[in-house]
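Take a look at the structure below.
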Amino acid sequence: MELLGEITTDRPLLVVAVKEEAQFLDTDLPVLLTGMGKVNAATALATVLGRGPRPSGIVNLGTAGALRAGWTGTHVVGTVVQHDLDGELLATLTGETYGAPLTLPDGGDVVLATGDAFIADEAARVRLAERAALVDMEGYALATAAGLAGVPLRIVKHVSDEAGDGAARSWRESVAECARALADWAEANTPYRS
């Protein structure tokens, strides 16, 4: 976890998993690098929100795998789900619901599946495509932490790969291009400079 800049109540906080995705951000806004995965994302965001002050909002910028053919470009996420938590089974054990889908304000109809597995095989991609269009490793965790803290969150993902065979190689090859697109989106859609 690394916080670049200072969080204030009148500006949003940009949250990115890794420095490769943040490499073209040239902004006065604070940037939180969480590390990859749900645990890193949730603990990093909860830590900075718990310390205070809280930002006016949070914008998660990052890469995502496309689960469906033809998905490219930058997308604002409307709903996040966890793909690696069996909420139905847990409900039969405890009677409580865990991991229900989360709807984000200002989001569209794009569904993002979050899990700690980097999806790089066809069988997993096809299975997940039944529930979501995109897949990442942090979105649901960030939405949960932001929601518990009462801070509005936007999730913005740029497609880096097709979440199938060869996805890891594709991510490495495309991350710089994705980072440029995410920086351009942030500049156009956030109060990027003071």
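Note: hydrogens, waters and symmetry copies are ignored here, and every other heavy atom, side chains too, is used.
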Stepwise side-chain contact (heavy atoms from CB on, under 4.5 Å) check, Leu182 with Phe24: CA-CA 8 Å; Leu182 291 165; Phe24 296 110; over 6 Å; no

Full working for side-chain contact (heavy atoms from CB on, under 4.5 Å) between Leu25 and Leu61: CA-CA 10 Å; Leu25 292 174; Leu61 302 168; 4.0 Å; yes

Candidate pair Thr74 and His158, rule side-chain hydrogen bond (donor to acceptor under 3.5 Å, both in side chains), full reasoning: CA-CA 4 Å; Thr74 304; His158 190 84; 2.6 Å; yes

Test side-chain contact (heavy atoms from CB on, under 4.5 Å) applied to Thr34 and Val15, step by step: CA-CA 7 Å; Thr34 66; Val15 177; 3.5 Å; yes

Stepwise side-chain hydrogen bond (donor to acceptor under 3.5 Å, both in side chains) check, Gln82 with Thr114: CA-CA 5 Å; Gln82 284 190 89; Thr114 297; over 6 Å; no

Working for side-chain contact (heavy atoms from CB on, under 4.5 Å), residues Phe118 and Asp136: CA-CA 8 Å; Phe118 185 89; Asp136 85 334; over 6 Å; no

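Between the side chain of Arg193 and the backbone N or O of Asp28 there is no donor-acceptor pair closer than 3.5 Å. Looking only at distances, no side-chain donor or acceptor of Tyr140 sits under 3.5 Å from a matching main-chain atom of Leu102. A donor-acceptor pair is defined here as one N or O able to donate and one able to accept, closer than 3.5 Å; such a pair exists between the side chain of Arg125 and the backbone of Leu67. A distance-only check finds no donor-acceptor pair linking the side chain of Glu20 to the backbone of Val175 [under 3.5 Å]. Under the 3.5 Å distance criterion, the side-chain polar atoms of Arg54 are matched with a main-chain donor or acceptor of Ala149.
Expressed to the nearest 0.5 Å, how far CG of Leu32 lies from CG of Leu14 amounts to 10.0 Å. One distance of note links CZ of Arg127 with CD1 of Ile119; it measures 6.5 Å at 0.5 Å rounding. The distance from atom NZ of Lys157 to atom CD of Glu21, rounded to the nearest 0.5 Å, is 6.5 Å. Note: Leu148 CG to Leu49 CG = 10.0 Å, rounded to the nearest 0.5 Å. Once rounded to the nearest 0.5 Å, the distance linking CG of Leu45 with CG of Leu142 reads 5.5 Å. How far CH2 of Trp185 is from CZ of Arg154: 4.0 Å, rounded to the nearest 0.5 Å.
Between Pro30 and Arg11, the shortest heavy-atom contact is CD-NH2, 3.6 Å. Smallest separation of non-hydrogen atoms from Pro152 and Ser56: CG-O, 3.6 Å. Pairing each heavy atom of Ala143 with each of Leu104, the nearest pair is CB-CD2, 4.0 Å. When all heavy atoms are compared, the tightest approach of Val80 to Gly139 is CG1-C, 4.4 Å. Here the closest non-hydrogen pair linking Pro191 and Leu29 is O-CD2, 3.3 Å. Thr8 and Pro53 make their closest contact through CA-CG, 4.3 Å (heavy atoms, listed as atom of the first residue, atom of the second, distance).
Each of Val48 and Val18 belongs to its own hydrophobic cluster when Ile, Leu, Val, Met, Phe, Trp and Tyr are linked at side-chain heavy-atom distances under 4.5 angstrom.
Surrounding CG of Asp10 are more than 12 heavy atoms belonging to other residues, nucleotides or ligands, all under 6.0 Å away.
Ion pairing of Arg180 with Glu177 is absent here, as no side-chain N (NZ or NE/NH1/NH2) approaches a carboxylate O to less than 4.0 Å.
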